[in-house]
Amino acid sequence: GDKVKQSPSALSLQEGTNSALRCNFSIAATTVQWFLQNPRGSLINLFYLVPGTKENGRLKSAFDSKESYSTLHIRDAQLEDSGTYFCAAESSNTNKVVFGTGTRLQVLP
Amino acid sequence: EAAVTQSPRSKVAVTGGKVTLSCHQTNNHDYMYWYRQDTGHGLRLIHYSYVADSTEKGDIPDGYKASRPSQENFSLILELASLSQTAVYFCASSGTTISNERLFFGHGTKLSVL
């Protein structure tokens, strides 16, 4: 099965609203990264996390290694937040980074 | 900001032909990676390298070779391109150890094999 499972797979939001994306891991993850792939295809690194939380502007992310999940909260969504969000977890067994299949987010005016 | 540059940005290749994708980083990072992304999917690791003149197999290495002639440069080589290798290829770099550094990606190379 999927080692890194993201939910939801797709999401539409009205501009100005809030949302949360989630990753569940079936691997022992030591670190988590969140990326935004914008409509042009570029991958932008949003967060790099050890267990705990980080905040950057309207984005906040948390990583709980014991419960094997991570979340990305988007506050006051803007049109430029549209794209596909990927989480990626480093496996403590292999030291390799495993990607989820992404959450496609569309922010509507 | 970390810089990873890929070339070409896109390429059309014929089945059975040889394809070389190039990646250059100016981050002074030890680790470099090649991933492929298929439509609607996440990224899968093909090859990686943690030091010049050495490469390691990732999760899907079959049909691909890699070359790391220097710390800055990492190439992905398809000796006999096949239709199934049509995808977007991303190069990335990270710092001194896998477990302590974030990944920085290039803009990707769209490869179409006809």
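Convention: sequence-line order gives letters A, B, ...; per-chain numbering from 1. Remember, it's a predicted structure, so these values are computed and weren't measured experimentally.
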- Query: Taking only residues two or more places apart in sequence or in another chain, which ones pass side chain to side chain contact (heavy atoms under 4.5 Å, CB included) with A:L36?
  - Reply: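 Side chain to side chain contact (heavy atoms under 4.5 Å, CB included) check on A:L36 returns A:L46, A:Y85.
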
Review point. Does the side chain of A:L43 come within less than 4.5 Å of B:Y35's, by heavy atoms?
Key: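 Contact flag for B:Y35/A:L43 side chains = no.
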
task: For residues A:K96 and B:Y48, determine if any side-chain heavy atom of one lies less than 4.5 Å from a side-chain heavy atom of the other.
output: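 Yes; the side chains approach each other to less than 4.5 Å.
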
Exercise for the section: Write out, in numerical order, the residues from residues 53-61 of chain A with a heavy atom short of 4.5 Å from a heavy atom in chain B. Expected result: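 No residue falls under the 4.5 Å cut-off.
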
For this session: Give the cluster check for B:F105 versus B:Y50: same hydrophobic cluster or not, with ILVMFWY residues linked at side-chain heavy-atom distances below 4.5 Å.
Result: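 As far as the 4.5 Å side-chain criterion goes, B:Y50 and B:F105 are connected within one cluster.
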
Query - A:I27 with A:F63, same ILVMFWY side-chain cluster at under 4.5 Å - result: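 Yes, it is one cluster - the side chains of A:I27 and A:F63 are joined through contacts under 4.5 Å.
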
Over all atoms of both residues, closest heavy-atom pair of B:R102 and A:Q33: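 Answer, listing the atom of B:R102 first, then A:Q33: CA-OE1, 3.3 Å.
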
Self-check item: Pairs involving residues 103-114 of chain B, ordered by first then second residue, that meet side chain to side chain donor-acceptor pair (under 3.5 Å) (sequence neighbours left out)
Solution: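 The answer is B:Q6-B:T109.
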
Is the number of heavy atoms from other residues, nucleotides or ligands within 6.0 Å of CZ (A:R104) greater than 12?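 No.
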
Review point. Other than B:F74, what residues sit in its cluster of Ile, Leu, Val, Met, Phe, Trp and Tyr side chains whose heavy atoms are under 4.5 Å apart, directly or through others?
Key: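 B:F74 shares its hydrophobic cluster with B:V19, B:L21, B:M32, B:W34, B:I46, B:I60, B:Y64, B:L76, B:L78, B:Y89, B:L111, B:V113.
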
Step-by-step side-chain contact (heavy atoms from CB on, under 4.5 Å) determination, B:L103 to A:F35
CA-CA 9 Å; B:L103 287 167; A:F35 298 87; 4.0 Å; yes

message: Please classify the contact between A:Q6 and chain B as side chain, backbone, both or neither, with a heavy-atom cut-off of under 4.5 Å.
response: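 Contact with chain B is absent: no heavy atom of A:Q6 under 4.5 Å.
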
